[in-house]
Amino acid sequence: SQQGEEDPQALSIQEGENATMNCSYKTSINNLQWYRQNSGRGLVHLILIRSNEREKHSGRLRVTLDTSKKSSSLLITASRAADTASYFCAVYNFNKFYFGSGTKLNVKP
Amino acid sequence: GAVVSQHPSWVICKSGTSVKIECRSLDFQATTMFWYRQFPKQSLMLMATSNEGSKATYEQGVEKDKFLINHASLTLSTLTVTSAHPEDSSFYICSTRWGGATDTQYFGPGTRLTVL
């Protein structure tokens, strides 16, 4: 499967702490993207990192990509209760997107 | 970013009936749309790629006769679940690429289908 695999499956932290989620994949990729999904809702695009990039920042988000290890991580700094959601990585290859299993993040106020 | 809508947002139907789900791109022309399904607490599984004016491309294991996709215009793609059964109950989400950004997707809000 080309789908990404994520860990942890679930993460519970206190507001203000940092949250780190990891994604591993199996094939070569054009880019890797992270999405957020609130319960029962559609997905929101968070950040895209291309295969020739190693790190990218967007506000409180930091994404790293290690193509040699076929892995990526998403760091959310200074988490807020509103960050509570499921987070998915998606690998883009051959004009298609394949999603990881997701990490369910719970930020306790 | 692009705006994608889906209708209905939820639907309950009896086993054996057919259900149509619409996916619209509201502020741009979408030559390609994607259809996903998501079971509870699981990830999104790509079902098919919908191309305007041509037949959809289905992923392995997805029955094209059961999940009919029509992309007759640049702003509308429809997914029809034919002869629905309880195991078809799921969250169906469409997405599209926006403009020239071929590798960024924008998702619709999803449609919750419950088959009794």
Side-chain angles (χ1 to χ4, degrees), chain A residues 1-11 21-53 56 58 63 65 85-106, chain B residues 1-11 21 23-26 30-51 56-62 89-99 101-114:
Chain A
S1 169
Q2 295 187 30
Q3 286 188 340
E5 296 296 327
E6 294 174 69
D7 76 271
Q9 290 186 334
L11 180 61
M21 290 159 266
N22 303 295
C23 169
S24 61
Y25 56 92
K26 296 180 180 179
T27 67
S28 60
I29 60 171
N30 297 106
N31 64 63
L32 185 144
Q33 303 178 33
W34 286 89
Y35 290 83
R36 163 197 171 119
Q37 183 182 35
N38 287 77
S39 181
R41 309 288 292 274
L43 275 73
V44 175
H45 180 262
L46 295 177
I47 194 166
L48 177 155
I49 186 165
R50 300 191 186 281
S51 59
N52 61 352
E53 297 176 312
K56 206 162 183 180
S58 177
V63 170
L65 179 65
S86 291
Y87 292 82
F88 295 91
C89 68
V91 297
Y92 176 70
N93 203 17
F94 300 113
N95 297 317
K96 294 181 181 179
F97 296 84
Y98 297 94
F99 283 82
S101 52
T103 293
K104 190 174 179 64
L105 173 65
N106 179 35
Chain B
V3 180
V4 180
S5 70
Q6 278 184 245
H7 178 80
S9 55
W10 60 269
V11 57
I21 302 170
C23 177
R24 291 182 185 274
S25 57
L26 300 183
T31 55
T32 302
M33 290 184 176
F34 302 93
W35 286 96
Y36 296 85
R37 67 186 298 182
Q38 183 181 31
F39 291 108
K41 299 183 180 180
Q42 294 189 27
S43 186
L44 281 74
M45 297 293 294
L46 179 65
M47 298 175 66
T49 303
S50 168
N51 300 296
T57 304
Y58 291 81
E59 293 298 298
Q60 191 173 11
V62 178
S89 298
S90 187
F91 194 55
Y92 292 87
I93 307 176
C94 70
S95 74
T96 186
R97 296 188 182 118
W98 175 59
T102 58
D103 51 6
T104 299
Q105 289 189 101
Y106 292 90
F107 286 83
T111 296
R112 173 76 59 194
L113 170 64
T114 301

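Naming: A, B, ... by sequence-line order, numbering from 1 per chain.
- Counting non-hydrogen atoms of other residues, nucleotides and ligands closer than 6.0 Å to NZ of A:K104 gives a total of 12 or fewer.
- The heavy-atom pair separating A:Q37 from B:F91 by the smallest distance is NE2-CE2, 3.8 Å.
- Proximity of the aromatic rings of B:Y36 and A:F99 is defined here by a centroid distance below 6.0 angstrom, and this criterion is met.
- Counting heavy atoms of neighbouring residues, nucleotides and ligands inside a 6.0 Å radius, atom CZ of A:R41 does not exceed 12 of them.
- Aromatic ring pairs are classed by plane angle as parallel below 30°, tilted from 30° to 60° and perpendicular above 60°; the pair A:H45 and B:Y106 is tilted.
- With hydrogens and angles left out, the side-chain atoms of B:Q105 and A:Q33 include no donor and acceptor closer than 3.5 Å.
- Nearest heavy atoms, A:S101 versus B:S43: CA-CB, 3.7 Å.
- With values rounded to the nearest 0.5 angstrom, B:K41 atom NZ is found 9.5 Å from A:S39 atom OG.
- The local environment of CD in B:E59 is crowded, with over 12 non-hydrogen atoms from other residues, nucleotides or ligands closer than 6.0 Å.
- Using a 4.5 Å cut-off between heavy atoms, B:Q38 touches chain A through its side chain atoms alone.
- Scanning for side-chain hydrogen bond (donor to acceptor under 3.5 Å, both in side chains) contacts around B:S25 gives an empty result, with sequence neighbours left out.
- With rounding to the nearest 0.5 Å, the separation of CG in B:L46 from CZ in A:F97 is 10.0 Å.
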